[in-house]
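Computed over heavy atoms, backbone and side chain alike; hydrogens, waters and symmetry mates excluded. Sequential numbering from 1 along the given sequence is applied to the chain's residues.
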Amino acid sequence: MGTEVNHQQFSGDDRVRFRSQVSRGTEAIARMLTDGLFTDQGKPPDPLLGMEVELNLVDGDADPAMANVAVLDAIADPDFQTELGQFNIEINVAPRPFVGGDTVTLEQSLRSSLNRAESRAAATGNHLVMVGMLPTLRHEHFASQWISTNPRYRLLDEQIFAARGEALELDIAGVPMAIGNSPDLLKTTSESILPEAACTSLQLHLRVAPEDFAAHWNAAQAISGVQVAIAGNSPFLDGKALWHETRIPVFEQATDTRPLELKNQGVRPRVWFGERWINTIFDLFEENTRYFPALLPVSSDVDPLAELDAGRIPKLDELRLHNGTVYRWNRPVYDVVDGHAHLRVENRVLPAGPTVVDIMANAAFYYGVVRGLVESDLPVWSQMSFDAAEENLSAGARWGFGAQLYWPNIGWVRPDELVLRRLLPLAERGLTAFGVSDKARRRYLGVIEGRCATKQSGSVWQRKAVFARQQAGESRDQALHGMLKDYVTLMHEGEPVHAWPV
């Protein structure tokens with residue numbers, strides 16, 4: 001979706017041509033897999049860690065700041081880019097080796113970049129916040145006028161509503177703030193896709209050899225529910241206390257191109273967990289081609305099969321653009337760098353924040369557990385149903401540490417117990433296999449251990465802080481603003497969230 005898109009109207013011929021190009025791109029992928037044309041085919045890839053962190057902007061009162069153009073001009077760093085909403089920006093962290101002490105170096109580099117960006121943003125009267133969902137966002141911030149000025153976002157908004165034919169609906173029943181309390185309910189409509197911009201995430205990339213892609217993707221799917229349960233950081237939207245990781249249902253609903261009738265027919269949503277374990281990356285690209293119509297049918301004149309016949313590696317612009325509008329929680333990525341093709345798994349379930357060290361801990365836990373599962377003698381995905389993995393994601397996102405998750409040979413188990421008993425040792429082995437230093441392993445897995453021992457994620461802390469303020473007599477709105485100001489202070493102090501006081 002980083003591709004610049006300038007077409008403002010699409011004809012039926014545009015859609016037919018785009019479909020043909022995506023289909024030929026899918027065929028090209030199949031040929032490349034057969035012919036061994038990927039950089040890492042037949043050998044283990046160099047482990048590279050890639051990361052994208054989406055950020056929110058607030059003003060001095062902790063309200064959303066519609067100021068991404070001014071802030072980006074002030075930051076003046078190509079690593080920082082626009083996102084969908086004018087209250088969003090994103091930092092792209094260049095891939096680097098995932099070995100030795102490089103993970104700690106990455107932490108220091110990310111912290112320095114964010115500190116520098118915050119200093120420059122502050123000069124414009126605005127501030128950066130790493131959080132999965134900005135607690136002070138309200139319905140009025142979803143008006144279409146607040147979509148970023150980049151043409152592709154406006155066009156995406158138009159195309160989703162053209163496909164849907166009616167306003168988007170958000171319908172989410174929350175988790176009670178305290179025992180005996182009634183849950184909050186968010187039930188509203190939106191005439192823009194800006195509720196999607198409320199969902200600010202940490203996206204993790206891992207380059208893998210083509211023959212190993214399916215195992216890595218299956219492993220990432222299997223642990224998605226655990227990831228969100230222990231790292232939730234998105235409990236509030238429009239003044240309501242909702243799920244611990246409200247990003248999950250909001251993103252699913254905010255980009256849903258299906259009216260009710262198509263939902264009832266079982267048409268697949270564009271935000272999608274999937275429906276089966278896979279055997280090859282081709283399964284995912286083939287599903288994208290078969291099930292999902294184009295949202296942005298912008299075609300080139302390049303025939304990918306002719307490129308292969310000529311001995312060149314095709315860029316597959318149409319397939320990549322189409323793939324960017326099918327929002328899998330673990331997405332396949334095809335990319336070409338310096339004329340060499342490679343494949344990545346993009347993990348999209350995690351929220352941003354609360355601190356840099358929490359982000360790094362979430363990343364280390366993900367990479368370590370995935371590697372550990374891939375190298376296990378008996379794959380976990382052969383021992384649990386795909387439906388169980390999908391149900392784990394929903395339960396983990398809704399209930400956080402209070403969820404009951406299914407895991408093979410254990411049955412139903414709390415996330416903290418599963419992590420402490422089974423997954424932390426697995427992550428340790430996986431990170432060791434990657435070549436991560438002892439210092440980095442102790443630092444980041446220690447954060448995960450502390451979070452599970454205290455059962456305090458970013459979401460838990462936010463809910464505790466707002467509840468305490470309301471008990472002291474503040475309104476919900478006052479409590480949210482006060483909590484967010486405290487959150488920003490603690491975010492900059494940098495201690496992991498499980499150590500934050502209320």
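- One side chain, R344 or H205, offers a donor N or O that lies under 3.5 Å from an acceptor on the other.
- Contact check on R270 versus D256 returns no salt bridge, with no Lys/Arg side-chain nitrogen under 4.0 Å from an Asp/Glu carboxylate oxygen.
- Every residue meeting the side-chain contact (heavy atoms from CB on, under 4.5 Å) condition with R268, not counting sequence neighbours, appears here in chain and number order: W272, E275, Y291, F292.
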Counting only pairs under 3.5 Å, give me each side-chain donor-acceptor contact of residues 74-87, with atom names and distances, residues two or more places apart or in other chains.
from : atom 1 : to   : atom 2 : distance (Å)
D77  : OD1    : D79  : N      : 2.9
Q81  : OE1    : N92  : ND2    : 3.4
Q86  : NE2    : Q145 : O      : 3.1
Q86  : NE2    : I147 : O      : 3.1

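- Counting all heavy atoms, side chain and backbone alike, S234 lies closest to E245 at OG-OE2, 2.8 Å.
- Taking all atoms of both residues into account, the shortest heavy-atom contact from C199 to V250 is SG-CG1, 3.5 Å.
- In this structure, a donor-acceptor pair under 3.5 Å is present between the side chains of Y444 and E107.
- By the 4.0 Å N-to-carboxylate-O rule, D238 lies too far from R138 to be salt-bridged with it.
- Judged purely by distance below 3.5 Å, without hydrogens or angles, the side chains of N68 and S148 pair a donor atom with an acceptor atom.
- Here E375 pairs with R371 in a salt bridge; the nearest charged N to carboxylate O distance falls below 4.0 Å.
- Below 30°, between 30° and 60°, or above 60°: for F386 and F273 the angle between ring planes is between 30° and 60°, a tilted geometry.
- The pair E287-R276 meets the salt-bridge criterion, with a side-chain N (NZ, NE, NH1 or NH2) lying under 4.0 Å from an Asp/Glu carboxylate O.
- Of the charged side-chain nitrogens involved, at least one lies within less than 4.0 Å of a carboxylate oxygen, so that R320 and D335 count as a salt-bridged pair.
- In this structure, a donor-acceptor pair under 3.5 Å is present between the side chains of S201 and E54.
- A salt bridge is defined here as a Lys NZ or Arg NE, NH1 or NH2 lying under 4.0 Å from an Asp or Glu carboxylate O, and R154 with E158 fails to meet this definition.
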Pairs under 3.5 angstrom only: tabulate donor-acceptor contacts from the side chains of residues 345-356 to other protein residues two or more places apart or in another chain.
from : atom 1 : to   : atom 2 : distance (Å)
E346 : OE1    : R331 : NE     : 3.1
E346 : OE1    : R331 : NH2    : 3.3
E346 : OE2    : R348 : NH1    : 3.3
N347 : OD1    : Q227 : NE2    : 3.0
N347 : ND2    : Q227 : OE1    : 3.2
N347 : ND2    : N330 : OD1    : 2.7
R348 : NE     : R328 : O      : 3.2
T355 : OG1    : D358 : N      : 3.1
T355 : OG1    : D358 : OD2    : 2.7

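- Side-chain contact of T200 with N56: a donor-acceptor pair under 3.5 Å is present, judged by distance alone.
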